[in-house]
Amino acid sequence: MTTLRPALFVDLDNTVRETLTGRSHPLWPEDQELRPGVREKLAEFREVGYAIVGVTNQGGVAFGTLTEPEVRAINHYLSDHLAPGLFDLILFSPYHPYGSVTRYARFSHHRKPGPGMAHEARDRLGLDLASSIMVGDRETDRLFAENAGIAHFYWAHEFFGTASA
């Protein structure tokens, strides 16, 4: 029997990273930096066997601000340059029910607070959601954890020990 492992799910924008331009989300790969304490905390959880999974709503795709390849490039830069070796998986939802790009202008259970990204990560990585943790900065992150059956939720500023809330 295969033992499932727990995951540390983390929201990305304003939880793991912040932009250099002050926007709520980066528009290009180099427009981001890790928030204080993030690298150390992710490494600590990875060391004790947690999978590290980034989950982020990227509704900018649904509004035409970003494309899926641009979001992938931004997340690739995060995982390969800013936090190399720390993420097992980064997932994003390009959907928004009020978007202007028809393909993405719809409800999706992959958009937080829906549990779709957690279920995808569980299936791809063999995760035990009931022993996992979610860290975020918005109510949609807390509800995502609740809807996915993730055992614990923490606010980013408490979990990473940063001053900003």
Side-chain angles (χ1 to χ4, degrees), residues 2-20 23-61 66-95 108 110-138 140-142 144-145 147-162 164:
T2 305
T3 302
L4 301 177
R5 67 180 172 156
L8 174 61
F9 287 90
V10 290
D11 173 57
L12 297 183
D13 297 328
N14 299 310
T15 295
V16 164
R17 66 183 172 205
E18 53 194 19
T19 65
L20 301 174
R23 292 178 167 275
S24 60
H25 60 83
L27 293 178
W28 59 88
E30 295 80 11
D31 181 29
Q32 59 182 319
E33 64 184 357
L34 290 181
R35 297 193 67 183
V38 166
R39 180 179 288 109
E40 297 80 9
K41 198 72 158 181
L42 296 183
E44 176 186 319
F45 274 79
R46 189 165 180 76
E47 260 181 50
V48 296
Y50 279 74
I52 308 299
V53 180
V55 288
T56 181
N57 285 340
Q58 291 298 318
V61 175
L66 292 166
T67 64
E68 284 193 71
E70 288 169 332
V71 172
R72 280 193 281 282
I74 289 166
N75 292 338
H76 178 78
Y77 187 84
L78 170 66
S79 67
D80 287 5
H81 297 282
L82 299 179
L86 293 180
F87 283 96
D88 290 275
L89 185 62
I90 294 179
L91 299 171
F92 71 93
S93 173
Y95 304 103
S108 171
H110 270 75
R111 180 175 174 77
K112 294 182 290 179
M117 287 189 280
H119 294 167
E120 181 179 342
R122 175 198 63 203
D123 296 346
R124 288 176 62 179
L125 299 176
L127 303 177
D128 178 9
L129 298 179
S131 62
S132 293
I133 297 169
M134 172 64 190
V135 179
D137 68 322
R138 298 181 143 206
T140 53
D141 298 321
R142 188 192 68 73
F144 165 78
N147 292 335
I150 294 171
H152 303 285
F153 174 81
Y154 296 96
W155 295 108
H157 67 280
E158 296 168 339
F159 189 81
F160 292 117
T162 56
S164 61

Minimum heavy-atom separation for [X] and [Y], please, with both atom names.
X    : Y    : answer
L34  : A83  : CD1-CB, 4.2 Å
A7   : S132 : N-OG, 2.9 Å
A156 : T15  : CB-CG2, 3.7 Å
P29  : Q32  : O-NE2, 2.9 Å
L12  : L78  : CD2-CD2, 3.8 Å
V135 : F153 : C-CE1, 4.3 Å

Is there side-chain contact between [X] and [Y], with heavy atoms separated by less than 4.5 Å?
X   : Y    : answer
V16 : D11  : no
V55 : M134 : yes
N57 : F144 : no
F92 : I74  : no
S24 : N14  : yes

[X] side-chain N/O to [Y] backbone N/O, donor-acceptor pair under 3.5 Å:
X    : Y   : value
D88  : V53 : no
R46  : G85 : yes
E68  : P94 : no
R111 : S93 : no

Reported [atom1]-to-[atom2] distance for the pair [X] and [Y], which is rounded to 0.5 angstrom:
X    : Y    : atom1 : atom2 : value
L82  : H76  : CG    : NE2   : 11.0 Å
L129 : I150 : CG    : CD1   : 5.5 Å
D128 : T3   : CG    : OG1   : 10.0 Å
L91  : F9   : CG    : CZ    : 8.0 Å
D141 : T56  : CG    : OG1   : 8.5 Å
D31  : E18  : CG    : CD    : 10.5 Å

Query - D13 and its side chain to side chain donor-acceptor pair (under 3.5 Å) partner, picked from H25, Q58, R138 - result: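 Answer to the side chain to side chain donor-acceptor pair (under 3.5 Å) test with D13 among H25, Q58, R138: Q58.
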Requested in this report: Could you walk me through whether F87 and N75 pass the side-chain contact (heavy atoms from CB on, under 4.5 Å) test, one step at a time?
Outcome: CA-CA 10 Å; F87 283 96; N75 292 338; over 6 Å; no
Query raised in the report: Does R35 pair with D137 as a salt bridge, N-O distance under 4.0 Å?
Result: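 D137 and R35: not salt-bridged.
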Query raised in the report: Stepwise, does the side-chain contact (heavy atoms from CB on, under 4.5 Å) test hold for I52 with K41?
Result: CA-CA 11 Å; I52 308 299; K41 198 72 158 181; over 6 Å; no
Side chains of residues 118-125: which donor-acceptor partners sit under 3.5 Å, not counting sequence neighbours?
unit_1, atom_1, unit_2, atom_2, d
E120, OE1, H110, NE2, 3.3
E120, OE2, R124, NH1, 2.9

Report task. Apply ring-ring contact (aromatic ring centres under 6.0 Å, His included) to Y154 and list each qualifying residue two or more places apart in sequence or on a separate chain. Result ->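 If we apply the ring-ring contact (aromatic ring centres under 6.0 Å, His included) test to Y154, skipping adjacent residues, the hits are F159.
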